[in-house]
Structures are given as C-alpha cells and as structure tokens.
Amino acid sequence: MEGSRWPALISVIVPVYNIVDLLPRCVNSIRRQTYPNLEIILIDDGSTDNSGALAEKMALEDRRIKVFHQENGGTSTARNLGIEKARGDYIGFVDSDDYIEPRMYERLLEVALSEGFLMVQTSRDEVDEQGNRMPDVCQPPVEAVLWEGEQFMRELLLHKGDCSMCTKLVHASLLKEERFPEGELNEDFNLLVRLLPKVTAVAILPEQDYHVFYRYGSNTRTRDSEEFPKVFTDIVKNADRVYEIVQRKYPSLLQEALRFGLFQRLDYMLHIPISQMKKDNEFYVQVKQYLKNHRGDALKSPYLTSKNKKYLLLLGTAPKLVRKVHRMLKR
C-alpha cells in the first residue's frame, strides 16, 4: 500500500475496564501495526483501577489514540460508544486483554480493498495465563477462502465458524444502523448474524494474527460449580433470534438452525447448576419444554451426534437425574 498512501482510515475500538496490567500489551500491539492510518479509540467503561488514567497517558504518547470515559455499562455499551465516535472507513475491535500481530490490519485492509469486501476476517489462536498455546477453537483455513454470506451462516450454525467481531474488519456502512445488544452476552454472535445478510461474501485469511488471552474469571470460564454465567441464557435467546433470521433470509438452512437451537439448549442444560433446576425458574422450564416438544426433530437431525441426541432426549425427560450422572462421569 504505497503512494497516496494510506487509502482508508481504520478505527480500532477497545473497551477498557479494570485491565491496567494488560492494557499496555493490547494497545501497543495496535500501535505497532504496519498499516499506520489508524485511530485507536479507548473506551474507559467506568474503571475503578488506574486503567482510565493509563489510557490517557498512552494518548499523550500517540496522537492516534482517543480516550472516552463512561459509567460502567459493559462491553456492548463501550463498543457502541466507540462506533458513534469512529471516523474510519473501516472498523475493527480488539478486547483489552487480547493482542494482535503487526500486519493484521494491513492484511485485512488489502483484501477488503482488492474486491470491495464489506467484511474480512483473520484467524485467531488462544493463549492461557501461563502463555501456553491452547487448542484452536476455530480451525484456520490452509489458505485464504471466500465464503458467501449463506455459507458463513451455515458454518456458524454448525459451530464451525468464528463469531468473534474482534477477528473482523468491517466497512463502517454496515454499522450505521446496527449496534451490539446492550445488557446481553454472546453479543458478537448477536451482531454478526444481523450483519451477514447485508454482505455478499466474507474473505477469511489463514494467518492467526489475533491472540485471545484465555483466563479464568471471564463469562464462561468459572471454577465455581454453583455459579451460572448469564451467557448460557443469552446463547439460547440468540439461537431463537438466528432462527428467525434464517427463516427470512436463508430458508435452505432451517435444519441447521434447528440443530443450533437444540445444541445451545443442550449446552444450557449441561451447565445450569442442579440447584437452579426448579419449577419457579421460568427460563429453565421453557428450555426443558422445548426439548420435550422437539424430541422428534432431535432424533431426525442429520447434524447432531448420537450422543447429542441421547442427552437431548433424556434432558427433556429427567434432567436432574441426567445431570447427576453426567457430573459423576466427569469426575
């Protein structure tokens, strides 16, 4: 990308909340990008440590950094404020405990501009607290591939696609009206499935340029067996939302969408503490009833394993007993 020389401005949005120990690694990895025409938007989401002050200090060191402060509202609220403040032609997101390779945005933008793609994606890996590389959550392609919007949706419904917005570079026009859902988790999936019908295709690069920092204490990585992260409720809600989108936009994927709804409820039922499996827990009762009502669909699904089907049938009939046996088997 020589000559005139930086053809587009990229806005990189980073929500910041009580992350003073990891924020420098994250922000510096963005500052070191080989594509320099960036604005780095740090949204201090009501931090109670020195994260906000550290963000201001870094802004003094690099004029590309802009800092905004808000009362604590969560990741979606912070990202949405960043979208409102962004001036870029393209928008990217980086979580403040993660970090990226120097060429990530150069690679993504080059592909986006080459064919006018509204969305491009890099690959990612995960690193734990000890610095160990973890198994890939999403298998990177061997070489760059192009997925049509419908194919990308299908991969998501089969739990093969990458739903993270952090691995994406999106044209700002896609976010003129769409925003992250505030007050909910699984927010990346929620936004992505609303954006996919607006793009013809997504280019996916093989380089694992985005590094996810895997640590305990996040939404799904808890050691407390009695704690039930809200994300397990939100993944079920999003399964119903994506089913509605598929009905309207991708009717050929209804079987995959049905499989997705069953699988998300299986995940919910295998994580909810037995102590919360009560008749007065309305959401739990709804999930249990759904499994009962869709026993035939579970049995006929070509996209569920025999083990999945057995669990779904049993969890719709005797969920507490199944969970107790499941817990014993995991010991």
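- Considering only residues two or more places apart in sequence or on other chains, Arg32 meets the side-chain hydrogen bond (donor to acceptor under 3.5 Å, both in side chains) condition with none of them.
- For residues 257-279, every residue pair satisfying the salt bridge (charged side-chain N to carboxylate O under 4.0 Å, His left out) rule, not counting sequence neighbours, is listed here: Asp240-Arg265.
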Which pairs would a plain distance check flag for residues 82-90, meaning a side-chain donor or acceptor within less than 3.5 Å of a matching protein atom at least two apart in sequence or in another chain?
{"from": "Arg87", "atom 1": "NE", "to": "Glu39", "atom 2": "OE1", "distance (Å)": "3.3"}
{"from": "Arg87", "atom 1": "NH2", "to": "Glu39", "atom 2": "OE1", "distance (Å)": "3.4"}
{"from": "Asp89", "atom 1": "OD2", "to": "Leu9", "atom 2": "N", "distance (Å)": "2.8"}

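- Within the structure, every pair that satisfies the ring-ring contact (aromatic ring centres under 6.0 Å, His included) test and touches residues 178-209, not counting sequence neighbours, is listed here: Phe93-Phe180, Phe189-Phe260.
- A salt bridge links Glu61 with Arg31: the closest approach of a Lys/Arg side-chain nitrogen to an acidic carboxylate oxygen falls below 4.0 angstrom.
- Residues in residues 116-155 take part in these ring-ring contact (aromatic ring centres under 6.0 Å, His included) pairs, two or more places apart or across chains: Trp147-Phe152.
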Could you tabulate the donor-acceptor pairs under 3.5 Å formed by side-chain atoms of residues 196-205, not counting sequence neighbours?
{"from": "Lys198", "atom 1": "NZ", "to": "Glu178", "atom 2": "OE2", "distance (Å)": "3.0"}

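- For residues 130-139, the pairs satisfying side chain to side chain donor-acceptor pair (under 3.5 Å) are Asp128-Asn132, Arg133-Asp136, Arg133-Gln208, Asp136-Gln208, with sequence neighbours left out.
- The only member of Phe232, Phe263, Tyr284, Phe283 that meets ring-ring contact (aromatic ring centres under 6.0 Å, His included) when paired with Tyr268 is Phe283.
- The distance from atom CG of Asn18 to atom CG of Leu23, rounded to the nearest 0.5 Å, is 11.0 Å.
- Applying the ring-ring contact (aromatic ring centres under 6.0 Å, His included) rule to Tyr17 yields no partners; only residues at least two apart in sequence or on another chain are considered.
- Contacts of Gln70 classified as side-chain hydrogen bond (donor to acceptor under 3.5 Å, both in side chains), with partners at least two apart in sequence or in another chain: Asp45.
- Cluster partners of Tyr303 are Leu158, counting Ile, Leu, Val, Met, Phe, Trp and Tyr whose side-chain heavy atoms approach within less than 4.5 Å, directly or via other members.
- With sequence neighbours excluded, no residue forms a side-chain hydrogen bond (donor to acceptor under 3.5 Å, both in side chains) with Thr317.
- Taking Ser275 as the reference, Glu226 meet the side-chain hydrogen bond (donor to acceptor under 3.5 Å, both in side chains) condition, with sequence neighbours excluded.
- Judged purely by distance below 3.5 Å, without hydrogens or angles, the side chains of Glu187 and Ser76 never pair a donor atom with an acceptor atom.
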